[in-house]
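Just below is one structure, and these are the notes that go with it.
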Amino acid sequence: MDEDPNRLVIATRNAHKTQEIREMIGDCFEVVDVTAFPDLPEVEETGTTFLENATLKALAISRELEGLVLSDDSGLEVDALDGRPGVWSSSFGGEEGNHAKNNERMMREMAGIAERSARFRCVMVLARGGEVLAHFDGSVEGRILDEPSGAGGFGYDPLFAPEGHDRSFAELGAEVKNGMSHRGRALAKVVAWLGDKG
Ligand code: ITT
């Protein structure tokens with residue numbers, strides 16, 4: 001496949017991540033994700049840190065496809081749960097990618113706990129041709145709400161109120177979320193790095 005300099009492949013099967021990244025930088029790049037390439041292998045996330053897993057995803061996909069590949073490994077760290085679920089955020093409720101079950105478990109574990117501070121973290125790895133070019137991170141502090149509210153976003157968004165707000169990311173909407181989220185902050189660093197490289 002010929003390299004398209006305007007194409008950025010996101011090494012994810014999570015359509016919500018792709019959509020947020022597209023909303024944030026879709027005017028600079030044609031943003032596609034791995035679901036556009038059905039023959040690509042599944043990447044096993046065997047790492048124990050966001051950086052390890054983001055690196056695994058970026059390298060595996062950039063070995064298979066021409067051009068720039070960007071991965072995103074992210075999750076929610078809750079202080080009262082000693083940083084869990086962290087890198088295991090997507091399977092916290094027992095079933096990979098089941099956001100309803102993840103939120104149910106979060107509410108169960110946090111029931112009656114007064115200390116509700118938490119943060120979303122995101123690590124992005126940019127790779128090309130099986131080599132890491134650079135990595136970037138972003139985080140946003142906030143707290144876990146008692147009850148989920150709002151219909152926007154994905155994952156734990158209905159249970160997470162970012163600092164400075166009483167409402168959840170799911171209620172605040174895409175523009176507010178993207179402007180302050182872990183993913184938005186990591187992606188701003190990616191864009192600055194790419195800008196520096198011309
Ligand atoms: P890929 O590995 O294919 O990218 P994934 O969803 O499995 O997709 P991760 O392993 O990075 O990705 O897990 C991320 C999980 O962290 C995600 O499924 C949510 O549970 C949570 N999460 C990450 N960013 C989030 C956000 O912006 N809002 C809500 N939850 C988020």
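Each ligand, and each atom within it, is numbered from 1 in the order the structure gives.
Counting only distance, with no hydrogens or angles, the side chain of Gln19 and the backbone of Ala15 share no donor-acceptor pair below 3.5 Å. Between the side chain of Lys57 and the backbone N or O of Glu45 there is no donor-acceptor pair closer than 3.5 Å. A distance-only check finds a donor-acceptor pair linking the side chain of Arg116 to the backbone of Ile144 [under 3.5 Å].
Every heavy atom of Leu76 sits 4.0 Å or more from the atoms of ligand 1. Residue contacts with ligand 1 leave out Gly153, since none of its heavy atoms falls under 4.0 Å from the ligand.
In terms of protein heavy-atom proximity, atom 29 (C) of ligand 1 is nearest to Phe154 O, 3.0 Å. Atom 1 (P) of ligand 1 has Thr12 OG1, 3.3 Å as its closest protein atom, hydrogens excluded (heavy atom only). Scanning the protein heavy atoms around atom 28 (N) of ligand 1, the nearest turns out to be Asp157 OD1, 2.7 Å. In terms of protein heavy-atom proximity, atom 13 (O) of ligand 1 is closest to Ser74 O, 3.5 Å. Closest to atom 6 (O) of ligand 1 among all protein heavy atoms lies Asn14 ND2, 2.9 Å. Nearest to atom 20 (O) of ligand 1 among the protein's heavy atoms is Tyr156 CE1, 3.2 Å. Among all protein heavy atoms, the one lying closest to atom 7 (O) of ligand 1 is Glu96 OE2, 3.5 Å. Nearest to atom 18 (O) of ligand 1 among the protein's heavy atoms is Ser90 CB, 3.3 Å.
Which parts of ligand 1 touch Gly155 is read off a 4.0 Å heavy-atom cut-off, strictly below it: atoms 29 (C), 30 (N). The atoms of ligand 1 that sit less than 4.0 Å from any heavy atom of Asp73 are 9 (P), 10 (O), 11 (O). Less than 4.0 angstrom separates some heavy atom of Glu45 from each of these atoms of ligand 1: 2 (O), 10 (O). Close approach of ligand 1 to His99 (heavy-atom distance below 4.0 Å) involves ligand atoms 18 (O).
A salt bridge is defined here as a Lys NZ or Arg NE, NH1 or NH2 lying under 4.0 Å from an Asp or Glu carboxylate O, and Glu30 with Arg7 fails to meet this definition. Ion pairing between a basic and an acidic side chain is recognised when a charged N comes within 4.0 Å of a carboxylate O; Arg13 and Glu42 show such pairing.
With a 6.0 Å radius and a threshold of 12 heavy atoms from other residues, nucleotides or ligands, His135 has its NE2 atom at or below the threshold.
Relative to atom 5 (P) of ligand 1, the option among Lys177, Lys17, Arg13 with the closest non-hydrogen atom is Lys17. Around atom 16 (O) of ligand 1, the closest heavy atom drawn from Ala170, Ser91, Ser89, Pro85 belongs to Ser89.
Under the 3.5 Å distance criterion, with hydrogens and angles disregarded, no donor-acceptor pair is assigned to the side chains of Asn14 and Thr12.
Proximity of Phe120 to ligand 1, defined as any heavy-atom pair under 4.0 Å, is confined to the side chain (atoms from C-beta onward). By the criterion of a heavy-atom distance under 4.0 Å, neither the backbone nor the side chain of His16 is placed next to ligand 1.
Atom CD1 of Ile10 and atom CD1 of Ile61 lie 11.5 Å apart (nearest 0.5 Å).
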Going through the distances and angles, do Glu115 and Ser117 end up as a side chain to side chain donor-acceptor pair (under 3.5 Å)? CA-CA 6 Å; Glu115 166 54 61; Ser117 58; 2.3 Å; yes
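Within the 4.5 Å cutoff, no side-chain heavy atoms of Lys189 are placed close to those of Trp193.
Cluster annotation: Val190 and Phe50 are assigned to distinct hydrophobic clusters (Ile/Leu/Val/Met/Phe/Trp/Tyr, side-chain heavy-atom contacts under 4.5 Å, transitive).
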